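Every heavy atom of this structure was used, including side-chain atoms; hydrogens, water molecules and symmetry mates were not. Computed from a predicted structure; not experimentally measured.
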Amino acid sequence: MQRTRIKQLLATTPTNQTIVVKGWVRTFRNNQFIALNDGSTNNNIQIVVDFANTPEALLKRITTGACISVTGTLIASQGKGQSVEVVATALDILGDSDAEKFPLQPKKHSLEFLREIAHLRFRTNTFGAIFRVRNALAFAVHQFFQQKNFVYMHTPIITSNDAEGAGEMFHVTNFDIKNPPLDEHGAIDYKQDFFGKPTNLTVSGQLEGELAAMAFGDIYTFGPTFRAENSNTTRHLAEFWMIEPEMAFADLNDNMDLAEDMLKYVIKYALDTCTEDIEFLSNRLLEEEKQKPQNERSELTLLEKLNFCLTNNFERITYTQAIDILKESPHNKKKKFQYLVNEWGVDLQSEHERYLVEKHFKKPVILTDYPKNIKAFYMRQNDDGTTVRAMDILFPGIGEIVGGSQREERYDLLTKRMTEMNIPLHELDWYLDTRRFGTCPHAGFGLGFERLVLFVSGMTNIRDVIPFPRTPKNCEF
RNA sequence: UCCUUCUUAGCUCAGCUGGUUAGAGCACAUGACUGUUAAUCAUGGGGUCCCUGGUUCGAGCCCAGGAGAGGGAGCCA
């Protein structure tokens, strides 16, 4: 007989039907009641064991963490905490779990402790909810773009291109690093390496994405990305997943519209399909914030915050307007910023971004038209000669979740800018071909998937929204 | 990388001014009970006080160095 998933069982009208259910024991109370979970939902099904007619040796093996298979009848629960329960007629232990050694206990654990046992934390309510939400968001990303006829493009993970400047890269080689072959000058001879040249893990699929957009029109990537920055924060990972759409015949406004539509679409999808999980996470956050002083708590619950995002337009302002707002802000005048805002041209600090999003507008903000000197070479230059068609989307609690731009499609201006920024043209010759052969206005952005999961789950540390986080000095599992 | 806080039982933590045998709650084990909901009650086992060195009659506590973790900053998604 096939097993039924617990999520489905809990929604079934009990008519004494015989069912099979398999899962992992969360708790075993009173030698009689098993709370069983199979990952389909955070809710457990209660298995009732006839302990008087069950061998004691078998009862002893029903421990927290054990994997069991139960055949029984589904009945309306006689107890109060649940609507249905399963009266066991047969119970098999599929996998024992030594209660003395199993680290998950029927009690609250700290997120830091669970991070150390990331291979087992999937079995907790919090991480069950997080990773079901993550799954829903990933699926919704694909559904959103597919409905719009974007082509899913797999850009390379190993690349020889290191001219992007998006971040420090992980070197890829199969040399014996203690004894690499040297050339006549004593330098490492990459001609003898696997690819015959130095290679790295990708920091972005954007440049290759642009190539594809110049043929398919609209494309997106969704894959792993690697940055070897020594970043130790709650918002950075060395290995993370990035979504990068690229649209031909699109300007910055189209780009902002796409990003805003996409964020709203995937958040709504998660709310609709993971309602219970998000409610659970919302309550979890509420409980966690009770530990904090009143003025540090969120004004909205997680659920309210997500719904607020769906029903309000993101605030769109230019960098220049943002600087004016910050300059004139009471916060700046009272010198409450660590870095005071006095002049146009400086990069915004996180405290400034947080002020704009969390204090001034109290909603997601899209900042556009940054000074060209603080942005990448490929961004389209405005006629003022000082700013570029860049956009950053800032989210409360997360900061920058999206970074994008309209691309510089004009060959002359692009190569001039590259030369100014000391980017060797010959290394990106293939990229420049798009501008040589049938160039057109186009735009795209990069969305850090884990930052999205962070926002939707209400978690505060990015290491808790990816199954096995890779950060400086940490690559377990 | 910088600033800052922390590291004591399986987990979460307490540990006074440096003083004799290092504690609690939960978890776990044993027993009782048996429609429980983090069950309850009783009993019990469990410690490299992060590591190394130093000061001292005496260090979990003070000093130096190191490791790991949390929070903040920078870099960014």
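Computed from coordinates, the Asn44(A) CG to A38(B) C1' distance equals 12 Å when rounded to whole Å. Note: CZ (Arg227(A)) to P (G74(B)) measures 17 Å, nearest angstrom. Here A38(B) presents its P atom at 13 Å from CG of Asn43(A), a figure rounded to the nearest Å.
Nucleotide G25(B) is matched to C11(B) when pairs are restricted to Watson-Crick or G-U wobble geometry with both distances under 3.5 angstrom.
Residue contacts for Gln78(A): at a heavy-atom cut-off of 4.0 Å it reaches a base atom on one of the strands shown. Contact annotation for Thr233(A): base contact, defined as any heavy-atom pair under 4.0 Å involving a base atom. Residue contacts shown for Leu237(A) include a base, since a base heavy atom lies under 4.0 Å away. Contacts of Asn461(A) with the nucleic acid, taken as non-hydrogen atoms under 4.0 Å apart, involve only primed sugar atoms and P, OP1 or OP2. Residue-level contact check: Ser77(A) touches the bases, meaning some heavy atom is under 4.0 Å from a base atom. When heavy atoms are screened at a 4.0 angstrom cut-off, Glu450(A) is found touching no nucleic acid atom at all. Residue Lys101(A) is out of contact with every strand shown, counting any heavy-atom pair closer than 4.0 Å. Nucleic acid contact class of Lys375(A) (heavy atoms, under 4.0 Å, all strands): none. Among the protein residues, Phe113(A) comes within range of the sugar-phosphate backbone only, with heavy atoms under 4.0 Å from sugar or phosphate atoms but none that close to a base. Using a 4.0 Å heavy-atom cutoff across all strands shown, Gly446(A) reaches sugar-phosphate atoms only and no base atom. Backbone-only engagement by Gln349(A) is indicated by non-hydrogen atom pairs under 4.0 Å involving sugar-phosphate atoms exclusively.
Taking the P atoms as reference points, U5(B) lies 42 Å from A42(B), given to the whole Å. Comparing the C1' positions of G47(B) and G23(B) gives an interatomic distance of 11 Å, to the nearest angstrom. Here, C41(B) and U36(B) have their P atoms 15 Å apart, quoted to the whole Å. Atom C1' of U34(B) sits at a distance of 10 Å from the matching atom of A39(B), rounded to the whole Å. Between G68(B) and G74(B), the two C1' atoms lie 22 Å apart (nearest whole Å). As rounded to the nearest Å, C2(B) and A38(B) have P atoms that lie 47 Å from one another. For the C1' atoms, the distance from G46(B) to U4(B) is 35 Å, rounded to whole Å. Distance noted for atom P between U48(B) and G60(B): 14 Å (whole Å).
Comment: Arg134(A) engages Glu450(A) in a salt bridge, judged by a side-chain N to carboxylate O separation of less than 4.0 angstrom. A salt bridge is absent between Asp38(A) and Lys22(A); no separation between the charged side-chain nitrogens and carboxylate oxygens falls under 4.0 Å. A salt bridge between Asp464(A) and Arg121(A) is present, with a side-chain N of the basic residue lying under 4.0 Å from a carboxylate O of the acidic one.
Counting only heavy atoms from C-beta on, Ser350(A) has its side chain closest to G74(B) among G74(B), G72(B), U36(B).
Between Asn230(A) and the phosphate of U1(B), there is a side-chain N or O to OP1/OP2 separation shorter than 4.0 Å. Proximity of Arg115(A) to the phosphate of G70(B): a side-chain N or O atom is located under 4.0 Å from OP1 or OP2. Dashed line: the shortest gap from a side-chain N or O of Arg235(A) to OP1 or OP2 of G72(B) is not under 4.0 Å. In terms of phosphate contacts, Arg29(A) brings no side-chain nitrogen or oxygen within less than 4.0 Å of OP1 or OP2 of U36(B). Side-chain nitrogen and oxygen atoms of Asn31(A) include none within less than 4.0 Å of the OP1 or OP2 phosphate oxygen of A39(B).
Side-chain to base pairing of Ser231(A) with C75(B): one donor and one acceptor N or O lie within less than 3.5 Å of each other. In terms of polar N and O atoms assigned as donor or acceptor, the side chain of Glu112(A) never comes within less than 3.5 Å of the base of G70(B) in a complementary pairing. Judged by distance alone with a 3.5 Å cut-off, no donor-acceptor contact links the side chain of Gln32(A) to the base of U37(B). Looking at Glu85(A), its side chain comes within 3.5 Å of the base of G35(B) through a donor and an acceptor atom. Scanning atom types as modelled, no donor and acceptor separated by under 3.5 angstrom connect the side chain of Asn30(A) and the base of U40(B). A donor N or O paired with an acceptor N or O is not found under 3.5 Å between the base of C11(B) and the side-chain atoms of His109(A).
The residue among Arg463(A) and Arg354(A) whose nearest nucleotide of RNA chain B is located toward the 5' end is Arg463(A). The residue among Glu400(A) and Thr63(A) whose nearest nucleotide of RNA chain B is located toward the 5' end is Thr63(A).
Side chains of Gln206(A) and Tyr378(A): a donor on one and an acceptor on the other come within 3.5 Å. Inspection of the Asn161(A) and Tyr431(A) side chains reveals no N or O donor paired with an N or O acceptor under 3.5 Å.
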Pair Tyr355(A), Phe337(A) - check ring-ring contact (aromatic ring centres under 6.0 Å, His included), show working.
CA-CA 9 Å; Tyr355(A) 180 85; Phe337(A) 286 129; 5.5 Å; yes
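Here the options are Asp392(A), Thr387(A), Asp369(A), Asp347(A), the test is side-chain hydrogen bond (donor to acceptor under 3.5 Å, both in side chains), and the partner is Lys375(A); only Asp392(A) passes. Only one option out of Leu111(A), Val133(A), Leu302(A) pairs with Met459(A) in a side-chain contact (heavy atoms from CB on, under 4.5 Å); it is Leu111(A).
Both thresholds, 5.5 Å between centres and 30° between ring planes, are not jointly met by Phe449(A) relative to the base of A77(B), so the two rings are not stacked.
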